[in-house]
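Have a look at the structure below before the remarks.
If you're wondering where the values come from, they're calculated on a predicted model, not measured in any experiment. Here is how names work: the chains are called A, B, and so on, in the same order as the sequence lines, proteins then strands, and each is numbered from 1.
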Protein chains: 2
Amino acid sequence: MSWSKDSGRSGQRGYHHGNLKEALLRAALELIAKKGPAGFTFAEAARWAGVSPAAPYRHFRDRDELISNVALRGFQQFEAALAKAWDDGRPDAMTAFDRLGKAYLAFARTEPAYYSAMFEAGIPLDVNSELREAGDRAFAVLRNATEKLVATLPAGSRPPSLMMALHIWATSHGIASLFGRGDAGRRALPMTPEELLEAATLIYLRGLGLPDGPPPKR
Amino acid sequence: MSWSKDSGRSGQRGYHHGNLKEALLRAALELIAKKGPAGFTFAEAARWAGVSPAAPYRHFRDRDELISNVALRGFQQFEAALAKAWDDGRPDAMTAFDRLGKAYLAFARTEPAYYSAMFEAGIPLDVNSELREAGDRAFAVLRNATEKLVATLPAGSRPPSLMMALHIWATSHGIASLFGRGDAGRRALPMTPEELLEAATLIYLRGLGLPDGPPPKR
DNA sequence: GGCTCATGTAAAGACCATTCACATGAGCTG
DNA sequence: CAGCTCATGTGAATGGTCTTTACATGAGCC
């Protein structure tokens, strides 16, 4: 992270902030993390950044556009995190795939503010095509991984990889949403979300005829 | 549904409304359906019911408590819908289980307001134990169905039914959340959510060694 | 008939979103 | 460097929401 100017929040500044857009995005992230996407207010973000309540309107049309931007960054970081975990399928597809699932849950847990903005803030995807594309790119990592995994199967018995990717995504998202965050009120579990997802994935893949589990079983 | 008095919303009434709590719950449901859980305001519900903005406080501590009550009703109806679909496993467990999954998605689609209040409004489950219990009862339907399904397997090769139920729940919830509502902005799919869920379930169950699909294949 | 208490009202203070006219000064242009 | 321009920030105003408090009403009960 870098601020071109005035990195301290209480350091005096001139009439112009110099990096307000960035400061607002960070403020939004903190506030969403602290009080949920609903508890986040435009005015408070402005206060946090040390500017008047009207200043943010120079950078974002309204509150929703700010959240959209947070979500956009979230998808970008999400994509990066997933891609890093997948690591092009090294050392082998199954091991990497397992890592990918864990990265999904890790993101939801360590970046709940981004995750909320991305999936729970009620942003209409159709409006912001950039946002949709960022989401698609994140999904593409999963899609690509699924394809590589399928490619290890003998031709002829290969299930449709798009459907597989959607299944894995839905399951991961479901687990993350229902059990994945330590925050406020989620349900207790007899196992960790990671174990739950790993088991689901193994069973699912076995159902598709994939040879079992990651080689060294961790 | 029944109103003890004054069923029309514009019919004149005396100083006392007579059924305000009920009217507020219905207003909340309509407003959440129309503008999402975030767009719902306490004042607007009061206006819709034809009372002053302060009146709702006689029935609900605050906005969140109203939403909690909506969520509570949602869970009750959800439980009823799932139980009806499961129908005690008739005519056979697989057929009924498939119906159960479809009922899950149907509820999310036809009652998006309830679904939002239940899963996306950010209500802390710990606070309202009644709410948690209602949610648990709804899950219990799925849990019970899973158990019956497992019981069709030869003893010895029976997977843990709690884990299975969690897997199915997570997948259903993931599909419903990501693709299941026609509302605002969700993603497009090459198949219906119902088909997606049915396929996921079949593959998953096959991975567990269950004999294939519902007998007459629909 | 008269009491009491749940239920509803009015008014007020505090906060938020949004807009508009206006102020500032960073960066370009000559 | 002088001057201009325009992106960026301010202040003030409008209108909405949340929530509390003192007060009004009338339904149910004796």
Side-chain angles (χ1 to χ4, degrees), chain A residues 3-28 30-32 34-70 117 121-123 127, chain B residues 3-28 30-32 34-70 121-123:
Chain A
W3 286 258
S4 58
K5 312 177 180 182
D6 189 27
S7 58
R9 55 214 53 170
S10 59
Q12 74 284 28
R13 61 167 181 86
Y15 192 92
H16 292 282
H17 181 287
N19 210 0
L20 184 53
K21 186 164 186 174
E22 187 61 32
L24 288 172
L25 287 168
R26 306 195 84 241
E30 295 231 354
L31 291 173
I32 292 174
K34 194 177 310 175
K35 309 193 293 183
F40 154 76
T41 80
F42 220 41
E44 195 167 356
R47 209 177 305 133
W48 197 93
V51 295
S52 77
Y57 290 86
R58 296 295 178 194
H59 298 278
F60 304 98
R61 184 172 32 262
D62 57 20
R63 191 177 164 286
D64 278 1
E65 191 176 293
L66 208 183
I67 298 187
S68 281
N69 273 265
V70 172
I123 309 285
V127 174
Chain B
W3 285 258
S4 57
K5 311 178 181 183
D6 188 27
S7 59
R9 55 214 53 171
S10 58
Q12 74 282 30
R13 63 168 178 86
Y15 193 91
H16 291 282
H17 182 286
N19 209 359
L20 184 53
K21 186 165 184 173
E22 187 60 33
L24 288 172
L25 286 168
R26 306 194 85 241
E30 294 231 355
L31 291 173
I32 292 175
K34 194 178 309 176
K35 310 193 293 185
F40 154 75
T41 82
F42 220 42
E44 195 166 357
R47 210 177 304 133
W48 196 92
V51 295
S52 77
Y57 290 87
R58 296 293 178 196
H59 300 276
F60 303 99
R61 184 172 31 263
D62 57 19
R63 190 176 164 286
D64 277 1
E65 191 176 293
L66 208 183
I67 297 186
S68 281
N69 272 265
V70 172
I123 309 287

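- Applying the 4.0 Å criterion to OP1 and OP2 of dA6(C), one finds that His59(B) has every side-chain N and O outside that range.
- Nucleotide dC15(C) holds its C1' atom 11 Å from the NZ atom of Lys35(A), rounded to whole Å.
- Between Phe42(B) and Asp62(B), the closest side-chain pair of non-hydrogen atoms is not below 4.5 Å.
- To the nearest 0.5 Å, atoms CG (Asp64(B)) and CG (Asn69(B)) are separated by 11.5 Å.
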Quick test: give all pairs of protein nitrogen or oxygen and nucleotides 15-20 of chain D nitrogen or oxygen below 3.5 Å, distance rounded to 0.1 Å.
| residue | atom | partner | partner atom | Å |
| --- | --- | --- | --- | --- |
| dT17(D) | OP1 | Arg47(B) | NH2 | 3.1 |
| dT17(D) | OP2 | Arg47(B) | NH2 | 2.7 |
| dC18(D) | OP1 | Phe42(B) | N | 3.1 |
| dC18(D) | OP2 | Phe42(B) | N | 3.3 |
| dC18(D) | OP2 | Ala43(B) | N | 2.7 |
| dT19(D) | OP2 | Tyr57(B) | OH | 3.1 |
| dT19(D) | O5' | Tyr57(B) | OH | 3.4 |

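- Between the CG atom in Leu24(B) and the CZ atom in Phe60(B) there is a gap of 5.5 Å [rounded to 0.5 Å].
- From Leu25(B), atom CG reaches atom CD of Glu30(B) across 12.5 Å, with rounding to the nearest 0.5 Å.
- Atoms CD1 and NZ, on Ile32(B) and Lys34(B) in that order, are 12.5 Å from each other to the nearest 0.5 Å.
- Between Arg58(A) atom CZ and dA23(C) atom C1' the separation is 11 Å, expressed in whole Å.
- A salt bridge between Lys35(B) and Glu44(B) is present, with a side-chain N of the basic residue lying under 4.0 Å from a carboxylate O of the acidic one.
- Residue Phe60(A) contributes atom CZ, which lies 11 Å from atom P of dG9(D) at whole-angstrom precision.
- When rounded to the nearest whole Å, the span between CG of Leu31(A) and P of dA17(C) equals 11 Å.
- Residue Leu20(A) contributes atom CG, which lies 16 Å from atom C1' of dG25(C) at whole-angstrom precision.
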